[in-house]
Amino acid sequence: MALCYQYQLPVLPLDRPVPKHVLSRRGAISFSSSSSLFGCANPRVLSQTFTNSSNLWIPSSGWEERFLERRGAISYESSDQTALYIRMLGDVRVRSRAGFQPERRDSHPYVDFRLLHLSPESGELASARKIRRLLSFQRYFRSAHLFCGVTPLNSLSILDDNYNGQAMRMLEKDGNWNFDIFLFDRLTNGNSLVTLTFHLFKYHGLIEHFHLDSVKLRRFLVMVQEDYHRNNPYHNAVHAADVTQAMHCFLKETKLATSFSPWDVLLGLLAAMTHDMDHPGVNQPFLIKTNHYLASLYKNISVLENHHWRSAVCVLQESKLFSHLAVEEIYQMESQLGSLILATDITRQNEFLSQFRTHLDRSDLCLDEASHRHFMLQIALKCADISNPCRPWELSKQWSEKVTQEFFHQGDIEREHKLDISQLCDRRTETVANIQIGFITYVAKPLFVEWSRFSNTTLSQTMLGHLSLNNASWKGLLQEQSQGGDDTDFI
């Protein structure tokens with residue numbers, strides 16, 4: 001049975017010799033002749049097709065010396081012909097047995113400022129991806145002049161002036177819980193994650209405190225944003241920007257703001273923006289039931305979260321954003337970043353909720369201790385990640401529809417290929433309303449009730465208020481649907 005999936009999810013058994021035609025691509029993609037899913041009758045033809053489409057040439061022999069790798073994919077030691085030897089690498093190109101050269105295909109390893117003055121129509125850029133990144137840098141540096149009140153001589157567009165102004169006015173209310181991330185994403189031409197996070201780094205004084213290079217920071221943010229799949233209805237860069245904005249709101253709460261160090265704030269923002277990097281748009285049970293190699297690699301435990309973490313670490317290493325820090329500090333940052341991202345695994349919800357409730361019952365949370373501050377960062381990130389039901393109805397409803405669309409798309413694939421349909425993914429039995437009612441009742445509300453015990457502020461009461469109103473709205477819609485008897489209109 002062959003399964004052609006739009007994200008080209010990889011399947012690579014760990015108990016067989018590595019075939020010579022294996023081809024790795026962006027987002028941990030690989031193909032294997034032994035794949036029963038995500039393959040085809042002739043994998044060599046499939047591999048050739050993708051090779052041609054990506055402007056790459058893989059020789060038929062000696063592949064182990066010229067193997068192109070992407071972040072989150074796997075590498076093979078040329079002396080070991082089995083896939084049992086697997087290492088997660090940050091974007092590298094394996095050029096020879098001598099070692100690895102850090103490189104990211106179709107990217108700018110170094111920023112050549114002369115490129116910022118090139119016209120997109122000049123034809124001097126080789127690929128569409130380079131053009132997108134060039135324009136992103138152009139928008140950034142031009143915006144920097146606008147924000148300082150200096151209008152550049154060669155203006156790109158009068159409309160851009162207007163949009164930049166509106167985006168900046170929105171950023172003045174970056175801590176407003178009613179922040180419309182969808183509008184902000186339109187105003188920034190799809191660069192909400194880059195624009196918002198760069199602003200928050202400046203707002204919290206992280207650039208000065210950690211002596212960050214602004215160009216490296218910008219490049220890092222662009223790389224992170226590009227590694228989110230735009231065709232995902234929900235798990236995309238806009239969701240990451242929304243979670244980052246929510247994390248910023250929590251970091252401004254009095255208890256956290258007076259206790260957290262710049263290091264804590266840095267980790268919180270980094271974890272929020274990278275927590276779903278390279279998400280394939282399907283959940284962990286889907287990866288397990290299709291024998292996805294990531295499921296085997298991580299032994300079916302926090303598969304996606306482990307991949308998000310390692311993808312984030314790879315981008316950090318490639319961008320060299322923190323290359324000036326001591327090795328010990330970098331290692332600590334990567335480790336704590338992983339601890340935060342792994343905490344977003346929804347299967348660990350009760351574990352963290354129980355710990356949080358126990359701390360509150362005993363009143364033994366001491367934010368002077370680094371371990372307790374880190375635990376509260378984990379809780380804050382979990383709250384930010386599932387905060388959609390706590391937003392105003394107009395925003396919450398959009399997020400609910402998007403996540404349900406992603407669920408149903410997975411269910412359609414599972415039905416088409418006669419797989420067991422995952423929970424909440426069957427459009428024939430589920431609706432947006434009953435999914436959201438269940439999520440609010442059993443996941444969101446218990447966590448946010450405990451958060452309000454920890455931080456009983458205007459923000460926490462606002463979130464609980466929206467949560468109750470949204471739950472009532474979904475119940476009203478569900479009742480209308482049951483009375484009308486028309487499922488399709490409601491879905």
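Since we're looking at a predicted model, the values are computed, not measured.
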Point to revise | CD/E351: more than 12 non-hydrogen atoms of other groups inside 6.0 Å | key: yes
Check your understanding: How many angstroms lie between CZ in F352 and CG in D345, if you round to the nearest 0.5 Å?
Key -> 9.0 Å
Review point. Got a sec: does the CG of D420 have more than 12 other heavy atoms crowding it under 6.0 Å?
Key: no
Review point. I386 and A444: which non-hydrogen atoms are nearest, and at how many Å?
Key: CD1-CA, 4.1 Å
Exercise for review: Determine whether the side chains of D278 and H308 contain a donor N or O and an acceptor N or O closer than 3.5 Å.
Suggested key: no
Exercise for review: Answer with yes or no whether the side chains of N388 and S396 bring together a donor and an acceptor at under 3.5 Å.
Suggested key: no
Practice item. List the steps and the verdict of side-chain contact (heavy atoms from CB on, under 4.5 Å) for I207 and S214. Key: CA-CA 7 Å; I207 297 178; S214 294; 4.3 Å; yes
Exercise for review: Give a yes or no on whether a salt bridge exists between R348 and E305, defined as a side-chain N under 4.0 angstrom from a carboxylate O.
Suggested key: no
**Study point:** Test item: S339 side-chain N/O and Q336 main-chain N/O as donor-acceptor pair under 3.5 Å
**Key:** no
Review point. For K382 and Q349, does a side-chain donor sit closer than 3.5 Å to a side-chain acceptor?
Key: yes
Practice item. Taking side-chain hydrogen bond (donor to acceptor under 3.5 Å, both in side chains) as the test, write out the residues that go with Q284, two or more places apart. Key: none
Exercise for review: Carefully, step by step, assess M273 and Q225 under the rule side-chain contact (heavy atoms from CB on, under 4.5 Å).
Suggested key: CA-CA 9 Å; M273 67 177 296; Q225 181 173 271; over 6 Å; no
Revision key, fill the gap. Here the pair of heavy atoms bringing C390 nearest to L467 is SG-CD1, 3.8 Å
**Study point:** Residue list, side-chain hydrogen bond (donor to acceptor under 3.5 Å, both in side chains) with N306, at least two apart or on another chain
**Key:** R310
Review point. If you round to the nearest 0.5 Å, how far is CD of Q245 from CD1 of I181?
Key: 6.5 Å
Review point. Can you tell me how far the OG atom of S482 sits from the CG atom of L477, to the nearest 0.5 Å?
Key: 10.5 Å
Check your understanding: Is the closest side-chain heavy-atom distance between R218 and M223 below 4.5 Å?
Key -> no
Check your understanding: Hey, are the side chains of L269 and L251 touching, using non-hydrogen atoms and a 4.5 Å cut-off?
Key -> yes
Review point. Can you list the residues that meet the side-chain contact (heavy atoms from CB on, under 4.5 Å) rule with N350, with sequence neighbours excluded?
Key: none
**Study point:** Flag side-chain contact, heavy atom, 4.5 Å: H466 against P392
**Key:** yes
Point to revise | Closest approach of L337 to A312 (non-hydrogen atoms, all atoms of both residues) | key: CD2-CB, 4.1 Å
**Study point:** Any side-chain heavy-atom pair of V243 and L381 under 4.5 Å
**Key:** yes
Revision key, fill the gap. Residues passing the ring pair (Phe, Tyr, Trp, His ring centres under 6.0 Å) test with Y442, sequence neighbours excluded, are none
Check your understanding: Does the ring centre of W474 sit less than 6.0 Å away from the ring centre of F439?
Key -> no
Review point. Side chains of T274 and V315: closer than 4.5 Å at any heavy-atom pair?
Key: no
Practice item. Supply the atom-to-atom distance H417 NE2 to K289 NZ, rounded to the nearest 0.5 angstrom. Key: 12.5 Å
Practice item. Check for a donor-acceptor pair, side chain of D180 on one end and backbone N or O of L183 on the other, with a separation under 3.5 Å. Key: yes
Revision key, fill the gap. Ring pair (Phe, Tyr, Trp, His ring centres under 6.0 Å) filter on Y203, not counting sequence neighbours, yields H248
Point to revise | K320 and D213: CA distance, side-chain angles, deciding distance, salt bridge (Lys or Arg N to Asp or Glu O under 4.0 Å) verdict | key: CA-CA 10 Å; K320 296 181 172 59; D213 185 305; over 6 Å; no
Review point. Mind checking what makes side-chain hydrogen bond (donor to acceptor under 3.5 Å, both in side chains) contact with H199, not counting sequence neighbours?
Key: D174
Review point. Looking only at heavy atoms, what is the nearest atom pair of V303 and Y298, with distance?
Key: O-CD1, 3.8 Å
Practice item. Tell me, with the steps shown, if K397 and V432 meet side-chain contact (heavy atoms from CB on, under 4.5 Å). Key: CA-CA 9 Å; K397 185 172 182 289; V432 182; over 6 Å; no
Practice item. List the atom of I341, the atom of W309, and the distance in Å for their closest heavy-atom pair. Key: CD1-CA, 3.9 Å
Check your understanding: Under the 3.5 angstrom rule, does the side chain of H292 hit a backbone N or O of L294 as a donor-acceptor pair?
Key -> yes
Study note, to complete from the structure: ring pair (Phe, Tyr, Trp, His ring centres under 6.0 Å) filter on F250, not counting sequence neighbours, yields W177, W451
Check your understanding: Is the closest side-chain donor-acceptor distance between E414 and Q410 under 3.5 Å?
Key -> yes
Practice item. Name all pairs fulfilling the salt bridge (Lys or Arg N to Asp or Glu O under 4.0 Å) condition that reach into residues 385-396, sequence neighbours left out, sorted by first residue then second. Key: D242-R391
Practice item. Would you tell me whether S473 and N470 have side-chain atoms, one donor and one acceptor, within less than 3.5 Å of each other? Key: no
Check your understanding: Mind checking whether P280 and L304 have side chains closer than 4.5 Å, heavy atoms only?
Key -> yes
Practice item. Ignoring hydrogens and angles, tell me if any N or O in the side chain of T197 forms a donor-acceptor pair with the backbone of V194 under 3.5 Å. Key: no
Check your understanding: Under 4.5 Å between any side-chain heavy atoms of F286 and I413, yes or no?
Key -> yes
Check your understanding: Does the side chain of T429 reach to within under 4.5 Å of the side chain of D426, using non-hydrogen atoms?
Key -> yes
Review point. Would you say T404's side chain and E401's backbone share a donor-acceptor pair under 3.5 angstrom?
Key: no
Exercise for review: Tell me, please, which residues at least two apart from K445 pass salt bridge (Lys or Arg N to Asp or Glu O under 4.0 Å).
Suggested key: none
Practice item. Output all residues satisfying side-chain hydrogen bond (donor to acceptor under 3.5 Å, both in side chains) with N236, sequence neighbours left out; order by chain, then residue number. Key: none
Exercise for review: Taking side-chain contact (heavy atoms from CB on, under 4.5 Å) as the test, write out the residues that go with K475, two or more places apart.
Suggested key: I437, N471
Point to revise | Sequence-distant partners of H239, ring pair (Phe, Tyr, Trp, His ring centres under 6.0 Å), two or more places apart | key: Y234, H235, H275
Exercise for review: Step by step, work out the side-chain contact (heavy atoms from CB on, under 4.5 Å) result for S296 and N291.
Suggested key: CA-CA 7 Å; S296 300; N291 297 322; 5.8 Å; no
Exercise for review: Taking all heavy atoms of F408 and all of L424, pick out the closest pair and write down the distance.
Suggested key: CE2-O, 3.7 Å
Study note, to complete from the structure: Value for CD1 (I440) from OG (S400), rounded to nearest 0.5 Å, stands at 7.0 Å
Study note, to complete from the structure: In this structure, CZ of F182 is separated from CD of Q398 (nearest 0.5 Å) by 4.5 Å
**Study point:** Lys/Arg N to Asp/Glu carboxylate O, K402 vs E406, below 4.0 Å
**Key:** no
Exercise for review: Answer yes or no: is there a donor N or O on one side and an acceptor on the other, between the side chain of D276 and the main chain of H279, under 3.5 Å?
Suggested key: no
Review point. With distance as the sole test, does T188 use its side chain to make a donor-acceptor pair with the main-chain N or O of T195 at under 3.5 Å?
Key: no
